[in-house]
Novice: 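Got a structure here, written out as structure tokens. Questions coming.
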Amino acid sequence: MTRPALPPQYDPSATESSTYRRWQDAGVFQPRTGGEPYVIVMPPPNVTAVLHVGHGLNNTIQDVLIRFERMRGRAALWLPGTDHAGIATQNMVERLLAREGKTRFDLGREGFVERVWQYVRETGQTILDQLKAIGASCDWTRTRFTLDPGYSAAVRHTFVTLWEQGLIYRGHRVIHWCPRCLTALSDEEAEFHESDGKLYYIRYPVVGGEAGQAVVVATTRPETLFGDVVVAVHPEAPHTRWAIGRRVQLPLTHIALAVMPDAAVDPQFGTGFVKVTPAHDATDFEIGQRHGLPMPLIMDPEARLRDPGDPVGRRVPEALEGMDRFAARKWTVAQLEAAGLLAKVEPYRHAIRRCHRCDTVVEPRLSDQWFVKMAPLADPALEAYRSGKLKFVPERWGGVFENWLANIRDWNISRQLWWGHRIPIFRCQACGEEWADRQDPAACRRCGQGPVTQDPDVLDTWFSSWLWPFATLGWPEETDDLRRFYPGHTMVTAAEIIFFWVARMVMAGLHFLGRLPFEWVYIHGTVRDTQHRKMSKSLGNGIDPLEVVQRYGADALRFTVVAGAPVGTDVILDPKDLETSFAPGRNFANKLWNAGRLILSTLGGAPEPLSAVPRADLELADRWILSRTQRAVKAVTEALERFRLNDAAGAAYHFLWDELADWYLEQVKPRLYGQVPGGEAARAVLAHVFETVLKLLHPVIPFITEELWSHLPGRGTTLLATAPWPVADSSWLDPDAEARFAQVQALVSAVRSVRAEYGVHPSRTVRAIVRPAGPLAAQAFEAERRTIERLAKLASLTLDGETAESPVPAAQPQAATAGAHAVLPDGSTVFVPLADAIDVRKECERLSRERERLERQLEAQAARLANPEFLSRAPAQVIERERAKERSWREQRDALAAKLRDLGCS
RNA sequence: GGGCGAAUAGCUCAGCUGGUCUAGAGCGCCUGCCUUACACGCAGGAAGUCGGGGGUUCGAAUCCCUCUUCGCCCACCA
């Protein structure tokens, strides 16, 4: 049964999808029955997401680890799924509605949620299907979604449990509010962005003071002054002490404020006087709480100014009513200026918080929200890290994790959204009882009557994500999967998600199951463009992984991101030049393909196993490649064990290309063509080495290796994906063979170098007269005479002193024996007579012409470098470059002169 | 304001606990080759005072200090 010949160029698109199907049909992605479990849970992409190259990197790394452990015989489970992504998904569907000219309020809550579900049902599978194109070997039978019924039950169970443990409470405080999304945000969702703003200095006239007497406050948000309730100063600051107890006039209103001391004030900042707006600033809120101050809200949820109807009088001027905060800022500044109350304005660079979903400037806002008390959860997590049970790669991220946990703040988990897990808190309209419940109650649990209403808010998305490592396995039910696959082994993710997700999973795992959800946290870099900007849709600098897969194949994509991603560093790719970015991966796949073509075409039937070959039948090159193979196995295995995926890819790459293809295959060819002595041994070695290298490469480039594997004779229908990982066999290690073969390589390279330098046409052969530096070299050269002659294109190899044919001492070439000499690293010398191989006279002429050309160039360059105009006008860098050019030309000229001498040119 | 990371060939990066580094790879560049596995290739080659300065050491790209430039994270100075 002959298979069709393999084409000379590897065509990934011809085989990738059918290879993936073979894996799936064989069920290799499901964990095997026996074996120690090895579990990775996939960071669930947003259900609305479309695959970008960041997903590509993240999931390729996971796949490499999973495939490696699967081949090592572990019961490998990679559990996939998607996240409902509350705000992100709601925003997306709202944008779709906006195109129809509708808002979510037009549909109503139920209608809107149904609409989102419809969207999720239609598109939610997209990203997971795309992951298949890059070869992700997830167990798709266990795919989960954070809004699955079972998963939702876990979320609800979690909430109620925390409530029962007293770890959930309602907080009345200033939180981050997004006026566009109309919801509260957690600290992590309100991201800092540096921006250029202004610091306004505003005069608050002293009531009953002399004319013009005022305290000056500094603020970046003048429009909030209408919410001021006091002006605060530091209790001990001498320069502001005079004002304590005085009253000042709130500008543009009829309200007077007290000046009072509070230690939170930094007397050095601004003027030392601080306007206190408790409802719109977190620090001011705390001051307000300490002193029992009123806390008027002067904006509506959409951040438009609204008068709160304060008993002390109208706060927000009529003209501002309903005006957006930024317009209100302009208006206020103009009015202050007109009233002579604007002391000065300074440019001011500071960090403001923006909604991480829509980039709107967050408005601090006083409101009621549900919070999780975090300190009790954080302590065990800290302990796990500090005791070394939880490990980070690279280690430094552990410090980030630790620092965040050590300074943890309570977590605002309520969102004023419709898409998500609704908060299971119920309230009796009759008696006011409020409680969390695992089931929707029919009646009040206390008074048994009265209509019961559920809290309208939903939970922060991360309140469901933090259960991912175990809720996906059926928790809180005691399922077989949970028993077998919890805890997992490694979490692979990006640094930006350490707080959002990693830390919270650790806390949840420890709190609810008493065990860490994973032992290792592997933090990989970010994919950036050549200007080191993060790839993003809005910048238009993204790379579409599917386009890469289509053009160069999934293996090229995988190889490129793995080889280009040393632990913890960013991956730089050029979105404008996919060819340059991904060609190395494609070229490598092609190299492997063609090495495979050569090997497979010469193997014939199944070769005998290596163990059946008498060692005496092995030649030096065989012993060398077998020894190198053991080293490659060891290097790749250790690199993968230590999460150094790029080193693993690199080691396998160089073994295949630089050793197997460039040297072993080139020298073994004569033994493979036809029935020659040593052919059987060569075939056995080749089969063994090739099989091994396919295995080593499979985790990184699974498609092409599986395809080549299927062509190996005697493999039947077995799959490489579940083939056993190679084990380094030290009995094949042969340092002596390695040393000898290195001698051979050095000699071959030296002769090749001479040939190239003197322009010996590839079709011509030359002779070489070699004086070995020692017995090792002499033996190696003698034994490998044929190989050396072949690889170096020699007609004959003469070991100096051994034959009388041409005992020319290499050190003293005569004019009559024009030629070149070279010295090997070990001191062996090589003399290559060239009189027969090239037309010496012509070569002399060529070299002379070349030398003349260089002389002319040097002359011109000397003139240029002497030109005062050039020296005075050209930038120093340019001058330096020109000088360097001159130096290099001079060296070239000297080298030419040496060659001319060697050839005996006149 | 605090912390972390990076600075090595034109580009992207290796170089892990100081000495096989007279500093490597891939891409790019130069020269020659369509040599029956591969031109997505083969052979040969050029190219770096390892960001600046100081120090420790017999010896430093590698350790320490300092400066410069980039990047990231954290932070209630309005």
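Below, read A as the first sequence line, B as the second, and so on, with proteins coming before strands; counting in each chain starts at 1. Keep in mind that the numbers below use all heavy atoms, side chains included, and drop hydrogens, waters and symmetry copies.
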Novice: Roughly how many Å apart are A61(B) and A7(B), using the P atom of each and rounding to a whole number?
Specialist: 15 Å
Novice: Hey, are D228(A) and T277(A) close enough side-chain-wise for a donor-acceptor pair under 3.5 Å?
Specialist: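 Yes, side-chain donor-acceptor contact under 3.5 Å.
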Novice: Can you tell me how far P of U12(B) sits from CG of L578(A), to the nearest Å?
Specialist: 17 Å
Novice: Do the side-chain N and O atoms of D266(A) and H234(A) include a donor-acceptor pair separated by under 3.5 angstrom?
Specialist: no
Novice: Determine which nucleotide pairs with A43(B), using a 3.5 Å limit on both distances of a Watson-Crick or G-U wobble pair.
Specialist: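 Pairing partner, where one exists within any strand: U31(B).
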Novice: Answer yes or no on whether R409(A) is positioned over the face of F371(A), meaning its NZ or CZ is under 6.0 Å from the six-membered ring centre and within 45° of the axis.
Specialist: no
Novice: C1' atom, G55(B) versus G18(B): distance in rounded Å?
Specialist: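 Roughly 15 Å separates the two C1' atoms.
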Novice: For C50(B) and G24(B), measure between their P atoms and round to the nearest Å.
Specialist: 14 Å
Novice: Could you check whether A661(A) gets within reach of a base, just the sugar-phosphate, or nothing at all, counting any heavy atom under 4.0 Å?
Specialist: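 The residue A661(A) makes base contact.
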Novice: Heavy atoms from C-beta onward define the side chain here; which of G5(B), A75(B), C73(B) lies closest to that of A351(A)?
Specialist: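 Closest nucleotide to the A351(A) side chain: A75(B).
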Novice: Which one, G44(B), A78(B), C73(B), comes nearest to the side chain of V274(A)?
Specialist: A78(B)
Novice: Does the side chain of Y673(A) get closer than 4.0 angstrom to OP1 or OP2 of A37(B) through an N or O atom?
Specialist: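 Yes, such a contact exists.
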Novice: CD1 of I352(A) versus P of A78(B): gap in Å, rounded?
Specialist: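 So the CD1-P distance, I352(A) to A78(B), works out to 11 Å.
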Novice: Under a 3.5 Å limit for both distances, which nucleotide forms a Watson-Crick or G-U wobble pair with C63(B), could you say?
Specialist: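 Here C63(B) is engaged in a pair, and the nucleotide opposite it is G55(B).
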Novice: Between C16(B) and A23(B), how far apart are the two P atoms, rounded to whole Å?
Specialist: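 Their P atoms lie roughly 15 Å apart.
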Novice: Taking CG from L791(A) and P from A43(B), how many angstroms apart are they, rounded to a whole number?
Specialist: 10 Å
Novice: Measure CH2/W404(A) against C1'/C73(B) and give the value in whole Å, please.
Specialist: 14 Å
Novice: Determine whether more than 12 heavy atoms belonging to other residues, nucleotides or ligands lie under 6.0 Å from atom NZ of K391(A).
Specialist: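 Yes.
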Novice: In whole angstrom, give me the gap between the C1' atoms of C27(B) and A47(B).
Specialist: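 Here C27(B) and A47(B) have their C1' atoms 14 Å from each other.
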Novice: On a plain distance test, is the side chain of E666(A) in donor-acceptor contact with the base of A37(B) below 3.5 Å?
Specialist: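 Under the 3.5 Å cut-off, the side chain and the base do form a donor-acceptor pair.
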Novice: For C76(B), does OP1 or OP2 lie under 4.0 Å from any side-chain N or O of R353(A)?
Specialist: yes
Novice: State which of A78(B), C76(B), A37(B) makes the closest approach to the side chain of V265(A).
Specialist: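 Looking only at side-chain atoms, V265(A) lies closest to A78(B).
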Novice: Is any side-chain nitrogen or oxygen of Y348(A) closer than 4.0 Å to OP1 or OP2 of A78(B)?
Specialist: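 Checking Y348(A) against A78(B): at least one side-chain N or O falls below 4.0 Å of OP1 or OP2.
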Novice: Of the options G44(B), C74(B), C33(B), whose atoms approach the side-chain atoms of N403(A) most closely?
Specialist: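 Shortest atom-to-atom distance from the side chain points to C74(B).
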Novice: Is there a side-chain polar atom (N or O) of S753(A) under 4.0 Å from OP1 or OP2 of G45(B)?
Specialist: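 For G45(B), OP1/OP2 do have a side-chain N/O of S753(A) under 4.0 Å.
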Novice: What's A282(A) touching, base or sugar-phosphate or nothing? Going by heavy atoms closer than 4.0 Å.
Specialist: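 No contact.
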Novice: State whether N587(A) places a side-chain N or O below 4.0 Å from either non-bridging phosphate oxygen (OP1 or OP2) of G41(B).
Specialist: yes
Novice: Just to confirm, is there a sub-4.0 Å distance from OP1 or OP2 of C76(B) to any side-chain nitrogen or oxygen of R409(A)?
Specialist: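 Checking R409(A) against C76(B): at least one side-chain N or O falls below 4.0 Å of OP1 or OP2.
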Novice: Roughly how many Å is it from CH2 in W593(A) to P in C38(B), rounded to a whole number?
Specialist: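 Computing the W593(A):CH2 to C38(B):P distance gives 14 Å.
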Novice: On RNA chain B, does the nearest nucleotide to L598(A) precede the nearest nucleotide to I572(A) from the 5' side, or the other way round? Give the residue.
Specialist: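 With L598(A) and I572(A) compared, the 5'-side residue is I572(A).
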Novice: For U22(B), give the paired nucleotide (Watson-Crick: N1-N3 plus N6-O4 or O6-N4; G-U: N1-O2 and O6-N3; both under 3.5 Å), or none.
Specialist: none
Novice: Compare side-chain N and O positions of R764(A) against OP1 and OP2 of C33(B) and report whether any pair is under 4.0 Å apart.
Specialist: no
Novice: With a 4.0 Å cut-off on N to O distance, would you call E638(A) and K634(A) a salt bridge?
Specialist: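 A salt bridge links E638(A) with K634(A).
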Novice: Please measure how far the C1' atom in A14(B) lies from the corresponding atom in C21(B), and state the result in whole Å.
Specialist: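 It comes out at 13 Å once rounded to the nearest Å.
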Novice: Between R755(A) (CZ) and G44(B) (C1'), how many Å, whole number?
Specialist: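 To the nearest whole Å, that distance equals 11 Å.
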Novice: Base, sugar-phosphate, or nothing: which does F499(A) touch, judged by heavy atoms less than 4.0 Å apart?
Specialist: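 The answer is sugar-phosphate, as F499(A) gets under 4.0 Å only of primed atoms, P, OP1 or OP2.
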Novice: Is it the case that over 12 heavy atoms from other parts of the model lie below 6.0 angstrom from the CD atom of E579(A)?
Specialist: yes
Novice: Is any side-chain N or O of K591(A) closer than 4.0 Å to OP1 or OP2 of C40(B)?
Specialist: no
Novice: Quick one: are W593(A) and L708(A) in side-chain contact, heavy atoms under 4.5 Å?
Specialist: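 W593(A) reaches L708(A) side chain to side chain.
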Novice: So which nucleotide does C76(B) pair with, by the Watson-Crick or G-U wobble rule with both distances under 3.5 Å?
Specialist: none
Novice: Sort out for me which residue in Y552(A), F582(A), F588(A) forms a side-chain contact (heavy atoms from CB on, under 4.5 Å) with T560(A).
Specialist: F582(A)
Novice: What interatomic distance, in whole Å, is found between P of C11(B) and the corresponding atom of G28(B)?
Specialist: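 Per the computed distance, 15 Å lies between those P atoms.
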Novice: Side chain of D662(A) only, heavy atoms from C-beta on: which candidate in G26(B), A43(B), A78(B) is closest?
Specialist: A43(B)
Novice: Which listed nucleotide (C38(B), G44(B), C27(B)) is nearest to the side chain of T580(A)?
Specialist: C27(B)
Novice: Specify the residue among T220(A) and P8(A) whose closest nucleotide of RNA chain B lies further upstream toward the 5′ end.
Specialist: P8(A)
Novice: When you measure from the centre of the six-membered ring of Y201(A), is the NZ or CZ of K344(A) closer than 6.0 Å and no more than 45° off the axis?
Specialist: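 Yes, a cation-pi geometry holds between K344(A) and Y201(A).
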Novice: Among C40(B), A75(B), A25(B), which nucleotide has an atom closest to any side-chain atom of H654(A)?
Specialist: A25(B)
Novice: Does any nucleotide pair with G5(B) by Watson-Crick or G-U wobble geometry, both distances under 3.5 Å, and what is it?
Specialist: C70(B)
Novice: Have a look at R752(A) and say if it touches a base, only the backbone sugar-phosphate, or nothing, with a 4.0 Å heavy-atom cut-off.
Specialist: sugar-phosphate
Novice: What integer distance in Å separates F392(A):CZ from C73(B):P?
Specialist: 17 Å
Novice: With a 4.0 Å cutoff (strictly under), does any side-chain N or O of W657(A) reach OP1 or OP2 of C42(B)?
Specialist: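 Indeed, a polar side-chain atom of W657(A) lies that close.
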Novice: Please pick, from G32(B), C38(B), C72(B), the nucleotide with the shortest atom-to-atom distance to any side-chain atom of R528(A).
Specialist: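 The nucleotide sitting nearest to the side chain is C72(B).
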Novice: Between A37(B) atom P and L665(A) atom CG, what is the distance in whole Å?
Specialist: 10 Å
Novice: Pick base, sugar-phosphate or nothing for F588(A), based on heavy-atom distances below 4.0 Å to the nucleic acid.
Specialist: nothing
Novice: Considering only atom C1', compute the distance from G26(B) to G19(B) and round it to an integer number of Å.
Specialist: 28 Å
Novice: Which nucleotide in the set A75(B), A37(B), C16(B) lies at the smallest distance from any side-chain heavy atom of R644(A)?
Specialist: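 Closest of the options to the side chain of R644(A): C16(B).
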